[in-house]
Every structure is written in C-alpha cells, then in structure tokens.
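Data block below; observations after.
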Amino acid sequence: MIWLTDIIAFPGYDCTSEEGVIALGGDLSVERLTHAYKNGIFPWFSDNDPIVWYCPFKRMVLFPTEIKISKSMQKIINKNAFTITENIAFEAVIYNCKNMDRNDGFGTWITNDMEQAYINLHKKGIAKSIEVWFKDELVGGLYGVEINHIFCGESMFSKVSNASKLAFMHLAKNKNYKLIDCQIYNEHLASLGAREIDRSLFLSILKT
C-alpha cells in the first residue's frame, strides 16, 4: 500500500486494492481534499487510525432524473410542513451527522479532525449543506463536497422521520447536478434510486 508524502498527489488508479483503498496517510488540508475529490478519491477512517483514501471500483451514484419519490413522500412534500435551506447551518449539520445515534453504524467515522476539515472546506465554498427545519428546529440535513457539476455526498441525519430524505430529494430536484456521488452501496439510498456504476464511468463524468 502506498503512503502519501507532503506532496499533494495520489498514486495511479491501478494501485487500488480490492477493498477500494488507493493510499494511506497524508493530511486533511483543503488542498489535498480538493485534489482528492477532483480525482474521485475520498477519505474514510476511524479515530486513531491513519487516513485511508478510497476510490472503489463500483461507485454508488444517483442520477437526479432517477430519483424515486414515493406517494407517501410526495404527500409530505406537498404539505410544506418543513422548511429547506442551503448552507446556513453547515456546522450544525456536520455536528449532528457526527453525534446522532444510528443503527447503521455510519456517522461514527466523522472524527474531530474530519469535522474541522470539512468546516474548512465549507469556508472556502467547496463543502455545502442542505438543512431541514420544522418549527425553527433543525431536524435533518446532509453535507458534502461540490466539484463542478457533481455533489459528493458525505453524511446525512434525521431527528424526525423522512427529514434526511427531504434533504436528499431537494438536492436531486433543485441543484442541477449531473449526478450525486453516494460513494459506496447503501440500501437506503438504493431505495431512493441510487445505483452502482463502474469507476471508469464515474471518473469520465467527473472529469468532463
């Protein structure tokens, strides 16, 4: 496995392991993270472990035109009981993604360093958030990284039923992205229309 140096660069895609790991180490600077996302690479690691960089052979993505909105969700949307905003509570969104109790195990990977790194990206206008409010309370949302015409989703949370779905659907229906990168297979996102595509296709869309 290749360890990164101070130089902001990644090895070729042919160095990727079967698990999708392309490199280890490095840092979470704005420059390295931006370079990584532009090349279809993202960090995912646990606290006290080295930074692990992934570029899996199969990429879970949503093409916005393929979003699945159930009749029950459409009724919730039509009621307009929730308010949806963009980029006004980024730090609160990532805090909730990090600290929510979850059954799927996702969210625990957001270390303190990761949290600060994406806040730094947000301050540069690269990381974005969608917030869902009910009676002035933040009840759901998601955040990720915007690279040209692609949104690279990182995490989402819900304090009430369907709040994260509303954020995801808003992203798909209102932001004119070519695709939303969901990274790895997730049954919940598959139910909303996301599917796996080959890495080569994902990279071709990312870089055009």
Side-chain angles (χ1 to χ4, degrees), residues 1-17 19-62 86-99 106-131 141-157 167-168 171 175 177-184 186 189 199 202-208:
M1 186 57 62
I2 295 177
W3 284 80
L4 300 180
T5 66
D6 291 338
I7 299 172
I8 297 178
F10 287 90
Y13 297 113
D14 57 347
C15 294
T16 309
S17 72
E19 296 77 22
V21 177
I22 195 169
L24 300 172
D27 57 35
L28 295 172
S29 66
V30 168
E31 294 76 17
R32 192 183 297 274
L33 281 169
T34 303
H35 180 71
Y37 280 99
K38 285 182 177 179
N39 288 278
I41 299 167
F42 59 89
W44 190 18
F45 63 101
S46 299
D47 214 357
N48 300 317
D49 287 342
I51 300 172
V52 184
W53 299 92
Y54 286 84
C55 191
F57 295 99
K58 292 289 186 180
R59 200 74 172 220
M60 188 73 166
V61 305
L62 174 78
E86 301 174 7
N87 301 312
I88 70 168
F90 182 91
E91 293 189 24
V93 169
I94 193 170
Y95 175 86
N96 278 281
C97 288
K98 175 184 175 184
N99 291 287
F106 291 103
T108 57
W109 56 271
I110 304 175
T111 67
N112 291 338
D113 288 344
M114 287 281 277
E115 182 179 20
Q116 186 58 55
Y118 286 88
I119 290 172
N120 294 341
L121 282 176
H122 175 66
K123 290 177 179 178
K124 295 291 186 178
I126 300 168
K128 307 291 181 72
S129 62
I130 304 293
E131 304 93 15
L142 59 81
Y143 76 95
V145 174
E146 184 179 85
I147 299 295
N148 298 325
H149 45 267
I150 288 179
F151 186 87
C152 305
E154 281 298 319
S155 189
M156 58 176 62
F157 81 97
F168 191 69
L171 191 71
K175 297 303 292 177
Y177 293 118
K178 282 191 176 180
L179 64 75
I180 298 170
D181 174 25
C182 305
Q183 299 179 345
I184 60 173
N186 178 292
L189 295 178
R199 178 173 68 182
F202 172 76
L203 292 174
S204 69
I205 298 171
L206 176 67
K207 296 183 178 184
T208 56

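Atoms considered below: every heavy atom in the structure, side chains included; atoms not considered: hydrogens, waters and symmetry mates.
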Quick check: closest heavy atoms across [X] and [Y], and the distance to 0.1 Å?
| X | Y | result |
| --- | --- | --- |
| Ile2 | Pro11 | CD1-CB, 3.5 Å |
| Leu189 | Met156 | CD2-CE, 4.1 Å |
| Ile110 | Lys98 | O-CG, 3.4 Å |
| Leu4 | Ala23 | CD2-CB, 3.7 Å |
| Ile184 | Pro56 | CG2-CG, 4.4 Å |
| Glu131 | Ile88 | OE2-N, 3.1 Å |

Is there a donor-acceptor pair under 3.5 Å between the side chain of Arg59 and the backbone N or O of Cys182?
no
Please check: side-chain N/O of Asn39 versus main-chain N/O of His35, any donor-acceptor pairing under 3.5 Å?
yes
Determine whether [X] and [Y] make a side-chain contact, defined as any pair of heavy atoms from C-beta on separated by less than 4.5 Å.
| X | Y | answer |
| --- | --- | --- |
| Glu154 | Asp181 | no |
| Phe151 | Val145 | no |
| Leu142 | Ser155 | no |
| Lys178 | Leu206 | no |
| Val21 | Leu24 | yes |

Suppose we screen for ring-ring contact (aromatic ring centres under 6.0 Å, His included). Which residues come up paired with Phe168, at least two apart in sequence or across chains?
none
Does Tyr37 have any ring-ring contact (aromatic ring centres under 6.0 Å, His included) partners at least two apart in sequence or in another chain, and if so, which?
none
Could you state the interatomic distance from [atom1] ([X]) to [atom2] ([Y]), rounded to the nearest 0.5 Å?
| X | Y | atom1 | atom2 | result |
| --- | --- | --- | --- | --- |
| Ser46 | Ile51 | OG | CD1 | 12.5 Å |
| Ser29 | Asn120 | OG | CG | 9.5 Å |
| Leu121 | Ile126 | CG | CD1 | 5.0 Å |
| Tyr118 | Leu28 | OH | CG | 7.0 Å |
| Tyr143 | Cys152 | OH | SG | 12.5 Å |
| Met114 | Trp44 | CE | CH2 | 10.5 Å |

Sequence-distant partners of [X], side chain to side chain contact (heavy atoms under 4.5 Å, CB included), two or more places apart:
| X | result |
| --- | --- |
| Ile119 | Phe90, Glu91, Ile94, Glu115, Gln116, Lys123 |
| Asn87 | His122, Lys128, Ser129 |
| Pro50 | Trp3 |
| Thr16 | Ile22, Phe57, Arg199 |

Excluding sequence neighbours, so at least two apart, what forms side chain to side chain donor-acceptor pair (under 3.5 Å) with [X]?
| X | result |
| --- | --- |
| Asp49 | none |
| Lys58 | Asp198 |
| Tyr54 | none |
| Tyr13 | Lys207 |

By salt bridge (charged side-chain N to carboxylate O under 4.0 Å, His left out), Lys175 pairs with (sequence neighbours left out) Glu86
Could you walk me through whether Ile150 and Ile205 pass side chain to side chain contact (heavy atoms under 4.5 Å, CB included), step by step?
CA-CA 9 Å; Ile150 288 179; Ile205 298 171; 4.0 Å; yes
Answer yes if the ring centres of Trp53 and Phe42 are under 6.0 angstrom apart, and no otherwise.
no
Pairs flagged by salt bridge (charged side-chain N to carboxylate O under 4.0 Å, His left out) wherever residues 20-35 is involved - sequence neighbours left out
Asp27-Arg32
